[in-house]
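In what follows, chains carry the letters A, B, and so on, assigned in the order in which the sequence lines appear, proteins first and then strands, with residues in each chain numbered from 1. Quantities reported herein were computed from a predicted structural model and do not represent experimental measurements.
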There are 2 protein chains.
Amino acid sequence: MPGPDIAAQLDAAERLCTKNGTQLTTLRRVVLDLVLRSTAPLTAYQLLDQLKSTRKSAVPPTIYRALDFLIENHLVHRIERLNAFIPCDADHEHADAQFLICHQCGTVTELEDHGVSDALAAAAAARGFTPSRAMVELDGLCATCAPPDTAPPPAHR
Amino acid sequence: MPGPDIAAQLDAAERLCTKNGTQLTTLRRVVLDLVLRSTAPLTAYQLLDQLKSTRKSAVPPTIYRALDFLIENHLVHRIERLNAFIPCDADHEHADAQFLICHQCGTVTELEDHGVSDALAAAAAARGFTPSRAMVELDGLCATCAPPDTAPPPAHR
DNA sequence: ATGCGTATGATATAATATAGAAAGCGTCAT
DNA sequence: ATGACGCTTTCTATATTATATCATACGCAT
């Protein structure tokens, strides 16, 4: 399952950038496309290798600049633990996200859990700390990879 | 203020390792000492440079191995966002920690906030995810660096 | 003394990321 | 139309962070 229509996601990204007054250039669009097509997180150099096949001039700054742009525009997330990148899942207006990293199958799930973000906001506020960006990443085993009786799948919903 | 007695912290570390059946060798002790003396987080190569002055044979694996040991023994934390290391604050039995990184003054504060860890555990459980390690790091401004009316200091306590 | 586990030494290289200068290319005010 | 500006891309070089691999040393139990 190649996921929900990459072309549509690219078009949505285009609209978002227009709205933000930024440009989703061809280069950036190609990089976003590569990120969207992958099931697993990709590193900058994996992306670079792929990019090189269509754009011979590509070098590390090429990909890092494109990724910086995509991250600023909330189209891509950087997973610090992996030094790797995944598409942003969501239509959401980006409060905060949390990531569940399965070290068995390598997939990363994006959450936007208000219980977590509220707890973080409260913990920060209690210390007079003004957060500007949160990084929340859990290593572990996803529902599919975990031994069944260790972690029963979530109640059906 | 050089902080609470580094020698005592080293001795406590020694006892902890003995209890764990691991050895706080001279090399590891020296590296821990370097980490303890710094107010700011130090990168592996900053530590390496300092270590070289007393141990000419030191090379990258030297420092990375020492750090791995110290981290496994809960004596040091790695701050992913900074690729840098700080001493573990605590006597605590290491449930989970969270870190507040001030990008003005560079200090990192370690928390052990149960509101946060409970919220994370709940969020993970709800998706059938079994966490093995949590990374929670907030970038922002500490109470000292934040403009006063943006973030009033915590209620006196 | 031998063998085993753990720690350290030594060399090389891999992987990740940024700096900085210059050229291309629209666009838009004059 | 042109030239000044802003943004993007190119190009070259280098900085920073991290690991692989094999060899050597040391303590200690058999």
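- In this structure, CG of B:Leu82 is placed 15 Å from C1' of C:dA17, rounded to the nearest angstrom.
- Between the side chain of B:Tyr45 and the base of D:dA15 there is no donor-acceptor pair of N/O atoms closer than 3.5 Å.
- In this structure, B:Ile63 atom CD1 and D:dT17 atom P are separated by 13 Å, rounded to whole Å.
- C:dT6 atom C1' lies 16 Å from atom CG of B:Asn20, rounded to whole Å.
- Nearest-nucleotide positions on DNA chain C for B:Thr22 and A:Thr43 put B:Thr22 closer to the 5' end.
- Between A:Asp33 and A:Arg29 there is no salt bridge, since no side-chain nitrogen of the basic residue lies less than 4.0 Å from a carboxylate oxygen of the acidic one.
- For A:Asn73 against A:Leu16, the heavy-atom pair with the smallest separation is O-CD2, 3.5 Å.
- Residue A:Leu27 is the one, among B:Gln46 and A:Leu27, whose nearest nucleotide of DNA chain D lies closer to the 5' end (criterion: closest heavy atom).
- The shortest distance between the side-chain N/O atoms of A:Thr62 and the OP1/OP2 oxygens of D:dT9 is not below 4.0 Å.
- Put simply, B:Tyr64 does not rest on the base of D:dT19: the two rings are not both less than 5.5 Å apart at their centres and under 30° in tilt.
- For C:dA17, the OP1/OP2 oxygens have a side-chain nitrogen or oxygen of A:Asn83 closer than 4.0 Å.
- A salt bridge between A:Arg133 and A:Glu72 is absent, with no side-chain N of the basic residue lying under 4.0 Å from a carboxylate O of the acidic one.
- The side chain of B:Arg78 lies closest to D:dT17, out of D:dC7, C:dA17, D:dT17.
- Atom CG of B:Leu48 and atom P of C:dT8 are 15 Å apart (whole Å).
- Nearest nucleotide to the A:Pro60 side chain, out of D:dT9, C:dT11, C:dT18: C:dT18.
- B:Arg55 has its CZ atom 14 Å from the P atom of C:dA7, to the nearest Å.
- When distances run from any side-chain atom of A:Pro61 to the nucleotides C:dT16, C:dT18, C:dG9, the shortest one goes to C:dT18.
- Remark: the backbone N or O of B:Leu47 is not paired with any side-chain donor or acceptor of B:Gln50 at under 3.5 angstrom.
- Which of C:dT8, D:dT8, D:dT12 sits closest to the side chain of A:Arg28 comes down to D:dT8.
- Not one side-chain nitrogen or oxygen of A:Ser57 sits closer than 4.0 Å to the OP1 or OP2 atom of D:dT9.
- Atom-to-atom distance recorded for B:Phe99:CZ and A:Met135:CE is 9.5 Å, nearest 0.5 angstrom.
- Between D:dT8 and A:Gln23, a contact under 4.0 Å exists linking OP1 or OP2 to a side-chain N or O.
- At least one side-chain heavy atom of B:Leu67 sits under 4.5 Å from a side-chain heavy atom of B:Phe85.
- Going from atom CD of B:Glu72 over to atom P of C:dT6 covers 12 Å, rounded to whole Å.
- Rounded to an integer number of Å, the gap from A:Phe85 CZ to C:dA17 C1' is 10 Å.
- Using a 4.0 Å heavy-atom criterion, one finds that B:Arg65 contacts the bases of the nucleic acid, with or without backbone contacts as well.
- The interatomic distance linking B:Lys52 (NZ) with C:dA10 (P) rounds to 13 Å, in whole Å.
- Remark on DNA chain D: of its neighbouring residues A:Lys56 and A:Phe69, the 5'-side contact belongs to A:Phe69, judged by nearest-heavy-atom nucleotide.
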